[in-house]
Amino acid sequence: MFWLWLTLSILLVLFIIIILTKLTIIVNYYHHNDNDDLMIEFRVWFVIKYKINVPLIKIDDDSPSVVVKSHSHMGDSDPENPEHKVNQITNKDVTASLKKTKEILEKVFNLHVIVRKFFRKVTVKKLEWDSLVGLGDAADGSSGARKTRKRFTINAKTPI
């Protein structure tokens, strides 16, 4: 009986710690000419980190689809040889995911109330937007060339 109470109390303490833990989500999007970079980072207790990096998003020339090349890793250190995953997203994939989302919306009772309560706990800590538009340097011989740079960063902290 003692072991049962000990196990249940440990599980209860772990459950309370998980509920009160803050999850930090950092989204960073960078666009320069045809170079797109999307980085999503999840942090818990400033120790546990999980990064998803999508360095290349481009439109396929042969078919009406988007090609996405991504990799993910845990912790601070970058892997020496990251394993890249290449996905091709077509209009069929998008419609299938929309149908699945619609099914979830229909099956979950009062989902809008749940989502509203969740977003009340979400706070945006920092929002940045940098834009640079110009014609280039005449000394470089690139007159008429247009340079653009955009970066979008959202830091959101939310308790689970």
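For reference, positions follow the sequence shown, starting with 1. Small disclaimer: the values here were computed from a predicted structure and weren't measured.
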**Prompt:** Who are the side-chain contact (heavy atoms from CB on, under 4.5 Å) partners of N91, not counting sequence neighbours?
**Reply:** none

**Message:** Applying the side-chain contact (heavy atoms from CB on, under 4.5 Å) criterion to L38, which one of N53, N28, V27 satisfies it?
**Reply:** V27

**Prompt:** If we only count heavy atoms from C-beta on, is the N87 to V67 side-chain gap below 4.5 Å?
**Reply:** no

**Pairwise side-chain contact, F42 with T24, heavy-atom cut-off 4.5 Å (strictly under)** = no

**side-chain hydrogen bond (donor to acceptor under 3.5 Å, both in side chains) partners of S97, counting only residues at least two apart** = none

**Prompt:** Partners of V113 by side-chain contact (heavy atoms from CB on, under 4.5 Å), sequence neighbours excluded?
**Reply:** N110, K117

**Prompt:** Members other than L8 in its cluster, when Ile, Leu, Val, Met, Phe, Trp, Tyr link by side-chain heavy atoms under 4.5 Å?
**Reply:** M1, L4, W5

**Message:** Tell me whether F109 shares a hydrophobic cluster with L105, the cluster being built from Ile, Leu, Val, Met, Phe, Trp, Tyr side chains joined at under 4.5 Å.
**Reply:** no

**Request:** Would you mind reporting whether I52 and Y50 have side-chain heavy atoms less than 4.5 Å apart?
**Result:** yes

**Request:** With sequence neighbours left out, write down each residue that passes side-chain contact (heavy atoms from CB on, under 4.5 Å) with F119, or none if nothing qualifies.
**Result:** V115, V122

**Asked** Looking at residues at least two apart in the chain, or sitting in another chain, which of them share a side-chain hydrogen bond (donor to acceptor under 3.5 Å, both in side chains) with E41?
**Response** R43

**Asked** If you round to the nearest 0.5 Å, how far is CD of E103 from NZ of K99?
**Response** 9.0 Å

**Request:** Starting at CG of D37, measure out to CE of M39 and round the result to the nearest 0.5 Å.
**Result:** 8.0 Å

**I18 CD1 to T21 OG1 distance, which is reported to the nearest 0.5 Å** = 7.0 Å

**Asked** Going through the distances and angles, do I26 and I40 end up as a side chain to side chain contact (heavy atoms under 4.5 Å, CB included)?
**Response** CA-CA 6 Å; I26 299 172; I40 303 171; over 6 Å; no

**Prompt:** Out of curiosity, I16 CD1 to L20 CG, how far, rounded to the nearest 0.5 Å?
**Reply:** 7.5 Å

**Item:** Residues that, via side-chain heavy atoms closer than 4.5 angstrom, fall in one hydrophobic cluster with W3
**Value:** F2, L6, I10, L14

**Message:** I'd like to check the side-chain contact (heavy atoms from CB on, under 4.5 Å) partners of L11; sequence neighbours left out, ordered by chain and number.
**Reply:** T7

